Amino acid sequence: MTNDTLNAIAALVPHGSRVLDLGCGDGVLLAHLQQHKACTGYGVELDDTNVHACVQRGVNVLQLNLDLGLSVFADQSFDVVLQIDTLQHLRNAETMLRETARVGKTGIVAFPNFAHWPNRLSILQGRMPVTKRLPYQWYDTPNIRVGTFKDFEVLAEKNGLHVTDSFGLQNGQRVDTWPNLMAGTAVFKFNA
Amino acid sequence: MTVHAKPMIATPQAMHFVEPLALQSGAHVRDYSLAYETYGTLNADRSNAVLVCHALNASHHVAGVYEGQDKSEGWWDNMIGPGKPVDTDHFFVIGVNNLGSCFGSTGPMHTHPDTGRVYGTDFPVVTVEDWVNAQALLLDRLGITQLAAVLGGSLGGMQALSWTLQYPDRVRHAVVVASAPNLTAENIAFNEVARRAIVTDPDFHGGHFYQHGVVPQRGLRIARMVGHITYLSDDVMNEKFGRELRDTVVGSATGYKYSTQDVEFQIESYLRYQGDKFSEYFDANTYLLITRALDYFDPARTYGGDLSAAFARTAAKFLLVSFTTDWRFSPARSREMVQALLDNQRDVSYAEIDAPHGHDAFLLDDARYMNVVRSYFARIHNELVAGVAA
């Protein structure tokens with residue numbers, strides 16, 4: 001996560017929030033929220049190396065498989081549930097979205113926007129995109145759910161989520177004009 | 001990290017308590033001793049103490065070796081020592097042998113001060129809570145009011161957990177490894193098989209075998225064999241032993257002896273060896289007592305089974321670790337504790353280590369496991385240095 005991206009996401013989290021970060025990676029965002037915004041909470045992560053990195057950082061981390069659900073978390077037990085670059089790795093992406101809304105008062109989701117113009121260009125040329133944002137070949141990508149900014153709007157509506165803010169992120173900068181075309185990352189903030 | 005060429009020398013000590021200790025059962029023990037060892041140095045404000053609680057077959061000899069005995073490493077020597085995950089260059093580590101054990105603290109093989117006879121089965125039933133109370137008294141005498149951390153695996157993890165419930169203001173961190181908030185029916189069942197093996201051994205003599213100059217070794221062997229099976233995983237047993245035979249009989253097409261009594265498979269040989277070894281040093285009454293303590297432990301019991309309600313008392317920060325192939329204290333049991341801590345908004349980290357070794361993994365050197373514990377204790381040390389403890 002670049003500093004710009006981290007700051008853009010952190011800006012969406014209110015001061016003092018109780019935060020659950022699903023797929024928290026090495027815990028850098030949670031550590032930032034703890035230090036700069038007086039947040040508390042937990043990260044969930046599956047990867048051993050990342051779990052260790054979180055412990056080193058002093059971030060509460062729970063080694064759980066998100067595809068097995070969020071049953072250990074009580075309803076509405078967090079102010080903010082983050083899914084930053086997590087959704088695209090989940091088999092049950094829709095279930096996890098609903099679970100996010102159950103567990104958190106607010107959800108913040110960010111994922112690679114497949115409709116970003118360089119990706120469209122690549123598809124037009126007949127090839128799956130391989131970019132800085134989507135650096136994998138089609139046959140070995142961990143991104144098993146590829147979707148677009150617009151796709152998420154549809155999914156959010158289908159699940160009755162109230163999107164309170166949405167924008168694109170490109171080079172760490174907020175993109176409000178044509179985000180589905182102009183941004184490599186889609187960001188949504190919603191309430192259940 | 002400092003490289004230490006010489007092994008740390010451990011010195012067993014004993015502390016005597018005259019005052020009776022009130023046990024959960026209503027009984028008392030008086031004039032008892034606790035065997036213990038310490039490693040590292042207690043700092044000036046006495047804030048760097050770490051208590052290590054032991055499981056069924058272990059003792060106060062947690063780390064280091066005894067002077068002049070090269071192969072006498074403590075049972076958790078890979079975890080605790082200078083430069084190790086629980087670094088005795090930073091922490092003052094205490095190992096205590098529990099009451100009723102057979103490694104130095106007062107137990108069933110000692111003399112009952114009221115009768116002048118050996119306790120035997122008259123040694124009162126002790127619980128995890130009783131052990132923790134006794135450990136707390138020892139810490140009082142050592143002048144330690146608050147632990148930087150309490151650490152334990154399996155039954156030791158239950159004691160660590162119990163510390164956070166019985167003495168919430170005396171524990172800053174609890175590290176609970178391969179443990180559970182209580183035993184399942186299956187687990188109690190295994191304990192019962194072990195106990196029946198012991199008490200039905202004709203050499204048991206109702207627990208007063210000491211006077212008869214015998215030891216119920218047959219029962220102890222079987223108890224240990226059953227236990228050992230449950231500490232391993234199917235995979236690791238297959239990998240280690242498979243269907244290998246100890247000796248292949250020449251002239252037999254299958255290699256079998258076609259006997260029902262002989263040791264033929266390697267796994268049989270291994271279990272018998274483990275059983276024999278164990279029966280030579282472990283006390284039968286201690287085995288009964290410790291398995292019972294395991295059975296009884298259930299902090300949620302007085303809260304109608306509501307673990308979250310029970311954990312409301314906790315104030316410590318937690319690190320929980322489980323191992324994927326541990327079916328005796330499965331990850332699901334650790335997740336129950338995680339959930340109860342989440343319900344109380346406690347600080348908790350949880351590592352679920354994908355290790356093949358079953359329950360035994362908590363004593364082995366898995367790099368991921370060791371690293372997580374090392375980093376967690378490094379954090380505790382950083383807090384100490386930063387003065388958070390004070």
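Note on naming: letters A, B, ... go to the chains in the order of the sequence lines (proteins, then strands), and numbering restarts at 1 for each one. Since this is a predicted model, take the numbers as computed values, not measurements.
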Next on the checklist: Using ring centroids (six-membered ring only for Trp), state whether B:Tyr376 and B:His173 fall under 6.0 Å.
Outcome noted: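 So the answer is yes for these two rings.
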[options]: which one forms the most heavy-atom pairs within less than 4.5 Å of chain A?
options	value
B:Asp354, B:Ile353, B:Asn371	B:Asn371
B:Val372, B:Leu319, B:Leu320, B:Val348	B:Val348
B:Glu336, B:Arg368, B:Gln345	B:Gln345
B:Ser349, B:Pro331, B:Ser322, B:Ala351	B:Ser349

Item to check | Structural part of A:Leu64 lying under 4.5 Å from a heavy atom of chain B | outcome: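 The side chain, not the backbone.
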Checklist entry - Which atoms of A:Thr40 come close to chain B, meaning under 4.5 Å heavy atom to heavy atom: side chain ones, backbone ones, both, or neither? => result neither
Item to check | Under 4.5 Å from any heavy atom of chain A - which part of B:Asp343 | outcome: side chain
Checklist outcome for this item: If one checks every heavy atom of B:Val338 against chain A at 4.5 Å, the contacting part turns out to be side chain
Checklist entry - Is the closest basic N to carboxylate O distance between B:Arg335 and B:Glu352 below 4.0 Å? => result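 Counted as a salt bridge, because a side-chain N and a carboxylate O are separated by less than 4.0 Å.
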Item to check | Parallel, tilted or perpendicular: rings of B:Tyr369 and B:Phe323 (30°, 60°) | outcome: perpendicular
Item to check | No-hydrogen, no-angle side-chain donor-acceptor test under 3.5 Å, A:Tyr42 and A:Arg18 | outcome: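 A donor-acceptor contact under 3.5 Å links the two side chains.
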Item to check | A:Gln83-A:Thr100 side chain donor-acceptor pair, cut-off 3.5 Å | outcome: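 There is such a pair between these side chains.
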Next on the checklist: Quick check for you: to the nearest 0.5 Å, what is the distance between A:His116 atom NE2 and A:Ser122 atom OG?
Outcome noted: 12.5 Å
